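Predicted model only: the values in this text are computed from it and were never measured.
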Amino acid sequence: MTSGGVTHPGYTHGCLAYDDPATLRALAVEQVSAGLAAGEQVWVVCPEDRATVTGWLASVPGVDAARRRDALRLVPVGEAYRHDEIVDPDRQVRAYVRATTEALTAGHTGLRVLAEATSLVRTPAQRDAFARYEHRIDHWMRHRPMSAVCAYDRRQLDDAAIAELACLHSVTNADVLFRLHAGDGDSVVALAGELDPSNHRDFAAALERADPRPVAGRVVFDAAELRFVDHRSLLHLRDHARRHDAVAVLRTPSRAPARLVDLLGLSEVRVEVVR
């Protein structure tokens with residue numbers, strides 16, 4: 001998938017790692033309040049029953065009227081996703097494309113989703129598929145009137161499991177050193193944070209799951225917010241470029257990666273120093 005176009009002004013793709021249910025409840029109130037104020041249709045997707053979630057949202061002004069006019073939907077996880085199964089990334093993206101179109105047709109300004117997705121990512125196979133879905137939906141909604149926050153319960157998932165998913169969001173409270181998410185303009189992917197010896201394998205996995213495709217023979221990475229990259233991660237960029245018979249372009253304000261690329265003789269990686 002390519003990015004293209006201009007980032008939608010309402011774009012948000014966040015990840016919340018939490019260990020206190022009160023944090024999830026507060027996020028639900030925040031997202032529902034903001035979404036209704038913006039004229040969006042809001043979905044709260046979580047394993048709790050509708051009565052419980054209704055109680056969470058009792059303080060939101062106009063919440064009952066919002067439900068009556070279908071501006072607010074309380075959706076069990078099993079209705080929005082294939083509960084306790086392995087998510088089909090492309091099928092799940094199509095489902096949210098359809099939901100966003102229906103929300104717009106009904107007169108809403110867009111679709112906002114809060115999804116408590118812990119039960120969908122318990123196993124390695126589930127996380128692999130869901131991570132692929134996360135990046136695909138991130139690309140789609142960056143330029144469309146959909147936003148989402150994904151929540152994961154630290155009491156059920158360890159830090160490494162959460163990091164696999166959190167690193168694919170543009171915003172997260174999880175303790176991850178790098179983030180890989182949809183880029184703008186001709187940048188298929190944006191990179192932020194630090195790529196060092198401690199996380200280069202995690203980066204390789206995220207890159208393989210995102211699988212950014214070349215445009216006109218180039219895969220452009222916006223590294224404006226990438227503070228550090230070591231040679232191992234540059235090798236992963238080279239390998240990705242080779243798989244797609246393309247050139248990986250790292251667009252960065254730092255000159256250090258260019259020196260590494262020259263030193264290693266990475267002909268498939270090009271560094272564009274920008275200010």
Side-chain angles (χ1 to χ4, degrees), residues 1-16 23-83 87-117 119-120 130 133-151 168-172 181-185:
M1 299 179 70
T2 61
S3 53
V6 177
T7 297
H8 190 272
Y11 165 76
T12 301
H13 188 205
C15 174
L16 174 79
T23 303
L24 180 62
R25 293 195 295 270
L27 179 64
V29 169
E30 172 193 300
Q31 289 295 304
V32 170
S33 299
L36 296 181
E40 299 167 332
Q41 184 179 72
V42 185
W43 290 18
V44 179
V45 182
C46 63
E48 282 78 6
D49 59 67
R50 287 184 176 90
T52 298
V53 180
T54 299
W56 293 358
L57 303 174
S59 64
V60 177
V63 67
D64 293 333
R67 290 190 67 186
R68 287 194 296 271
R69 67 175 188 275
D70 201 31
L72 172 62
R73 293 186 183 180
L74 310 181
V75 186
V77 171
E79 290 184 17
Y81 302 88
R82 298 181 64 183
H83 187 49
V87 165
D88 180 319
D90 293 329
R91 178 171 149 183
Q92 191 60 50
V93 169
R94 289 195 298 271
Y96 274 128
V97 170
R98 184 169 59 251
T100 302
T101 301
E102 291 172 354
L104 293 171
T105 301
H108 306 288
T109 59
L111 178 68
R112 180 182 298 241
V113 178
L114 166 60
E116 207 298 350
S119 63
L120 304 170
F130 207 81
Y133 153 71
E134 288 274 31
H135 190 70
R136 284 161 176 73
I137 196 65
D138 185 48
H139 263 281
W140 187 82
M141 68 184 178
R142 188 172 188 94
H143 310 286
R144 276 48 170 228
M146 177 186 172
S147 64
V149 178
C150 310
L168 295 169
H169 293 74
S170 57
V171 180
T172 181
H181 56 86
D184 256 335

Within-4.5 Å side-chain heavy-atom neighbours: Glu30 and Leu27: yes
Exam field: side chain Thr12 to backbone Ser147, donor-acceptor pair closer than 3.5 Å: no
Closest contact, heavy atoms only, Pro47 versus Val77: N-CG2, 3.5 Å
Pairwise distance CZ(Arg94) to CD1(Ile137) - rounded to 0.5 angstrom: 11.5 Å
Short side-chain to backbone donor-acceptor contact, Thr109 and Ala38, under 3.5 Å: yes
Side chain to side chain contact (heavy atoms under 4.5 Å, CB included) evaluation trace for His139 with Val93: CA-CA 10 Å; His139 263 281; Val93 169; over 6 Å; no
N/O donor-acceptor pair under 3.5 Å between Thr100 side chain and Leu111 backbone: no
Asp138 side chain to Ala182 backbone, donor-acceptor under 3.5 Å: yes
Pairwise distance CG(Leu168) to OH(Tyr133) - rounded to 0.5 angstrom: 12.5 Å
Minimum heavy-atom distance Ala66-Leu36, with the two atoms named: CB-CD1, 3.7 Å
Sub-4.5 Å side-chain heavy-atom contact between Leu72 and Val44: yes
Atom of Ala103, atom of Gly110 and distance for their closest heavy-atom approach: CB-O, 3.9 Å
His169 backbone acceptor or donor facing Glu134 side chain under 3.5 Å: no
Any Gln31 side-chain heavy atom under 4.5 Å of Val113 side chain: no
Aromatic plane relationship, Tyr81 with Tyr96 - under 30° parallel, 30 to 60° tilted, over 60° perpendicular: perpendicular
Nearest-0.5 Å distance that lies between atom OG1 in Thr101 and atom CZ in Arg98: 9.0 Å
side-chain contact (heavy atoms from CB on, under 4.5 Å) partner of Val42, the single match among Leu57, Val60, Leu74, Val32: Val32
Carboxylate-amine/guanidinium contact Arg50 Glu79, below 4.0 Å: yes
Between CG on residue Leu16 and CD on residue Glu116, distance to nearest 0.5 Å: 9.0 Å
Gln92 side chain reached by Arg136 side chain, heavy atoms, under 4.5 Å: no
Any side-chain heavy-atom pair of His13 and Arg142 under 4.5 Å: no
Spacing of Arg25 atom CZ and Thr52 atom OG1 [to the nearest 0.5 Å]: 10.0 Å
Distance (rounded to the nearest 0.5 Å) between Arg112 CZ and Met141 CE: 11.0 Å
Verdict with supporting geometry, His143 and Asp184, side chain to side chain contact (heavy atoms under 4.5 Å, CB included): CA-CA 9 Å; His143 310 286; Asp184 256 335; 3.6 Å; yes
